[in-house]
Amino acid sequence: MSLELQIQKALAEAFKATFDLDMEQEKLVLQPTRKEFVGTHTFVTFPYGKLTQKNPQQTAELLGHYLKDSHSLIADFQVVKGFLNLSLKPSAWVSWLAQRTVGEWQKLPLRGEKAMIEYSSPNTNKPLHLGHLRNNFLGFAVAQILEAAGFEVCKANLINDRGIHICKSMVAYRQFGNGETPEQSGKKGDHLIGDYYVKFNEVYKSQIQTLIAEGNTEKEAEQNAPIMQEAREMLLAWEAGDAQVVALWKKLNSWVYEGFEKTYKDIGVSFDTYYYESETYLLGKEIVEEGLKKGVFFRKEEGSVWADLKAEKLDEKLLLRGDGTSVYMTQDMGTADLKYKDFPMQHSIYVVGNEQDYHFKVLKVLMQKMGRAYADGIFHLSYGMVELPEGKMKSREGTVVDADELLAEMIQIAKNRTEELGKIENFSVQEAEQLYRQLALGALKYYLLRVEPKKKMLFNPEDSIDFQGNSGVYLQYTHAKISAILRKAERDNIAYDAEAYAAVSEFEASESELFYLLSQYENTLREAADSYSPAVMANYMYELARAYGKMYADLPIFPESDAAKKAMRIALSAHTGEVLRAVARLLGIEMPEQM
RNA sequence: GUCCUCGUAGUUCAACGGAUAGAACAACAGUUUCCUAAACUGUAGAUGCAGGUUCGAUUCCUGCCGGGGGCACCA
């Protein structure tokens, strides 16, 4: 049983014994004691005045006395107004640490539930940019977190490989490409195709201007620009299965996939299954028919099919055009069923930007109306855009922060900083290269993950990404320092097992703080899983590293004369390292042993 | 027009309805005979505005102001 639970149980007993009140122990929530007061766990008694017939302060006093007198866990208490601050006995912490270090603590018990996480889901007409990185890191981290929290997880990538966007690149390539290939040009396939997408838009723009100059309205110009018409025709040809168009499409897409795979590998994300829009875009019509039969949807006179969601304040939603063709929502309904068929899940998570909030609200309501088993478990993990100081990134105009380029720059910065500091002279070239990558990716991932997903975030290329302070590098540095401590303990043959530190009977403040934070791993993981928020883990990891940094600076380890204390500090260091590594793994961040 | 979302130090981010709103960067001032100074310590600095609910509101509700996004037989 966790310390938290033991305290809650004790509190329930205290309520019973002192006030003859039966409290549900889960509701007796504890919060961390603020560091200006003594203690680790705080119970707030303001809400219980009516029940106990005492004022909050008296309530806290009475509960505190009971706990101190009757519970082996509680060393002391202190009351400030309605706050009951509890201090646990060092022996309790010490045995907690002893148990912890032998047990399996990284994962919560299995829940017997499945969760599918769809993320990344790129369009195949351009390379990944900074916004995609946020998506990829979020999706991967949430998958890891849910798995650690006891879910069976499936990571899915739904590739948007068809549609007008890829036709634009195809048209531009056909006109201007001269058969260029990734091999000859030395470009990654996704970049090559992305360049043609930009090219398309340049030509499109100039054609619009010409047409406007010839007296067309802007709308007409946009409609009639020859290159756009060509793209539309190509889309129709693709849908008709035109052999040449399909062959071109396959070739260009295969180049893009190679490029994506390289990037995915570089940034350390992976998938368990792939869906291709070209294979799913026709799905969903049967669901519309089913909905019509059930009377959930209705047909307008012209033949189009709609769902009336006015009761849900979502207005009316088109599901099938008058000519019987699908819209985006139609295929998403079909894909939702397909996913469930492949992986019958209780939770279906979509990592998609917040501009689609409405879409996913509607999707969920529609599937609920259709009575789908998985419908209540649909969750749109909506995240805010990554903006530049001058505003939104626009692929069309090529004003994006490219993922591959950014990573390369980060690696270069990591290299420069590391060389300045000169701490890895013993490294081989390969080891050094690996370290630069770890630092660069760690900085990038932590930077993007520490912000609450739904908030938009600003990226300023001028400032780059932090390598100091509240940064991924700080966490890695803490881990590297810990590793050095452990190497030294090993070398000097200093034991730090449970027996070696069992005798410790008092703590310094920074040790208590560290113990407390280490004990919060499960709670934090549960909270992160419940809210699908890697930011919760990221912030926890930073707090933990900071607490360790403080202890490291305040207290000597090897010069400590009390052998038990020395052993305990090493054991604390070791476990802090383990927790940091465990959390970092959830976020996809690697922790170096030396830096 | 309507719906959703965000608004916290100069800047970028924190804070299950709880104590004197935490960090980091930037600024200023300190700390290496001692385990990695990519660190540690200190100083200064913030809840958009107006109401309401509550013992208690950055957090919940209403209105306003400001930023972002959505809503069309587009994807």
Side-chain angles (χ1 to χ4, degrees), chain A residues 29-31 33-37 42 44-47 49-50 55-56 80-83 85 123 160 162-165 277 281 300 302-306 313-323 325-329 331-332 353-359 361-362 382 384-385 387 391-392 414 417-418 420-421 423-424 439 443 447 450-452 454-460 463 466-471 473-478 480-489 492 523 527 530-531 535-536 538-539 542-543 546 549-550 552-560 569-570 573 594-595:
Chain A
V29 294
L30 297 163
Q31 58 184 44
T33 304
R34 291 185 69 95
K35 61 173 184 278
E36 60 265 38
F37 302 105
T42 291
V44 180
T45 57
F46 290 105
K50 284 205 180 83
N55 70 37
V80 182
K81 293 185 281 182
F83 298 92
N85 301 324
N123 288 355
N160 299 303
R162 56 129 250 144
I164 192 72
H165 55 82
E277 199 196 346
Y281 82 109
K300 289 193 176 174
E302 333 83 71
S304 57
V305 179
W306 296 74
K313 288 172 78 176
L314 294 171
D315 217 330
E316 291 184 347
K317 181 68 194 175
L318 176 80
L319 300 176
L320 221 49
R321 295 194 189 95
D323 62 7
T325 54
S326 300
V327 292
Y328 190 36
M329 188 61 77
Q331 59 169 292
D332 263 10
N354 64 6
E355 72 271 14
Q356 296 201 34
D357 285 355
Y358 172 74
H359 178 79
K361 251 183 220 172
V362 171
S382 164
M385 296 292 108
E387 292 177 8
K392 274 188 79 169
R417 300 242 350 132
T418 304
E420 277 167 31
L421 292 166
K423 294 184 183 178
I424 58 160
L439 295 177
Y447 179 84
R450 66 181 258 251
V451 179
E452 206 51 48
K454 72 174 173 182
K455 297 206 175 178
K456 69 171 183 206
M457 56 186 300
L458 186 91
F459 173 76
N460 189 347
D463 304 348
D466 295 329
F467 275 67
Q468 259 155 4
N470 189 349
S471 66
V473 174
Y474 175 81
L475 305 169
Q476 292 168 319
Y477 179 62
T478 307
K481 280 199 293 194
I482 289 172
S483 300
I485 294 285
L486 299 181
R487 282 194 296 270
K488 186 168 165 61
D492 297 354
N523 279 344
E527 191 194 332
D530 287 347
S531 57
V536 169
N539 290 323
Y542 177 65
E543 258 191 277
R546 227 160 52 88
K550 183 154 175 52
Y552 184 92
D554 286 356
L555 305 173
I557 295 179
F558 295 105
E560 170 62 49
R569 284 173 199 158
I570 299 171
S573 300
Q594 186 188 336
M595 60 185 270

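Throughout, a chain's letter reflects where its sequence line sits, starting with A, and its residues are numbered from 1. This structure is a prediction, so every number in the text was calculated from the model and none was measured.
Using a 4.0 Å heavy-atom criterion, one finds that A/Leu486 contacts no nucleic acid atom at all. Using a 4.0 Å heavy-atom criterion, one finds that A/Leu439 contacts the bases of the nucleic acid, with or without backbone contacts as well. Within the nucleic acid shown, A/Thr418 comes within 4.0 Å of at least one base atom, counting heavy atoms only. Contact annotation for A/Lys35: backbone-only contact, meaning every heavy-atom pair under 4.0 Å involves sugar-phosphate atoms and none involves a base.
Remark on RNA chain B: of its neighbouring residues A/Gly322 and A/Phe467, the 5'-side contact belongs to A/Phe467, judged by nearest-heavy-atom nucleotide.
The ring-ring contact (aromatic ring centres under 6.0 Å, His included) check on A/Phe459 picks up nothing, with sequence neighbours excluded. Under the salt bridge (Lys or Arg N to Asp or Glu O under 4.0 Å) criterion, A/Glu355 pairs with no residue at all, not counting sequence neighbours. In terms of the salt bridge (Lys or Arg N to Asp or Glu O under 4.0 Å) criterion, residue partners of A/Lys488 (sequence neighbours excluded) are, by chain and number, A/Asp492. Annotation: ring-ring contact (aromatic ring centres under 6.0 Å, His included) contacts of A/His165 (sequence neighbours excluded): none. Remark: A/Tyr328 pairs with A/His359 by the ring-ring contact (aromatic ring centres under 6.0 Å, His included) rule, at least two apart or across chains. Annotation: ring-ring contact (aromatic ring centres under 6.0 Å, His included) contacts of A/Tyr477 (sequence neighbours excluded): none. The salt bridge (Lys or Arg N to Asp or Glu O under 4.0 Å) test applied to A/Asp554 returns A/Lys550, not counting sequence neighbours. Evaluation of the salt bridge (Lys or Arg N to Asp or Glu O under 4.0 Å) rule for A/Glu277 yields A/Arg162 as partners, not counting sequence neighbours.
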Exercise. When every nucleotide of nucleotides 7-19 of chain B is labelled 5' to 3' by its protein contacts under 4.0 Å (heavy atoms), B for base, S for sugar-phosphate only, - for none, what sequence of letters results?
Worked result: S----SSS-B-BB

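Using modelled atom types, no side-chain atom of A/Arg321 and backbone atom of A/Ser304 make a donor-acceptor pair closer than 3.5 Å.
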Seminar exercise, completed: Taking Watson-Crick and G-U wobble contacts under 3.5 angstrom, with | marking pairs to another strand and [ ] crossing pairs, the secondary structure of RNA chain B is written (((((((..((((....[...)))).(((((.......)))))....(((((..]....))))))))))))....

Please list each protein N or O that sits under 3.5 Å from an N or O in nucleotides 56-63 of chain B, with the distance.
none

What are the atom names and distances for every N/O pair under 3.5 Å that joins the protein to nucleotides 40-44 of chain B?
{"from": "B/C40", "atom 1": "OP1", "to": "A/Tyr474", "atom 2": "OH", "distance (Å)": "2.6"}

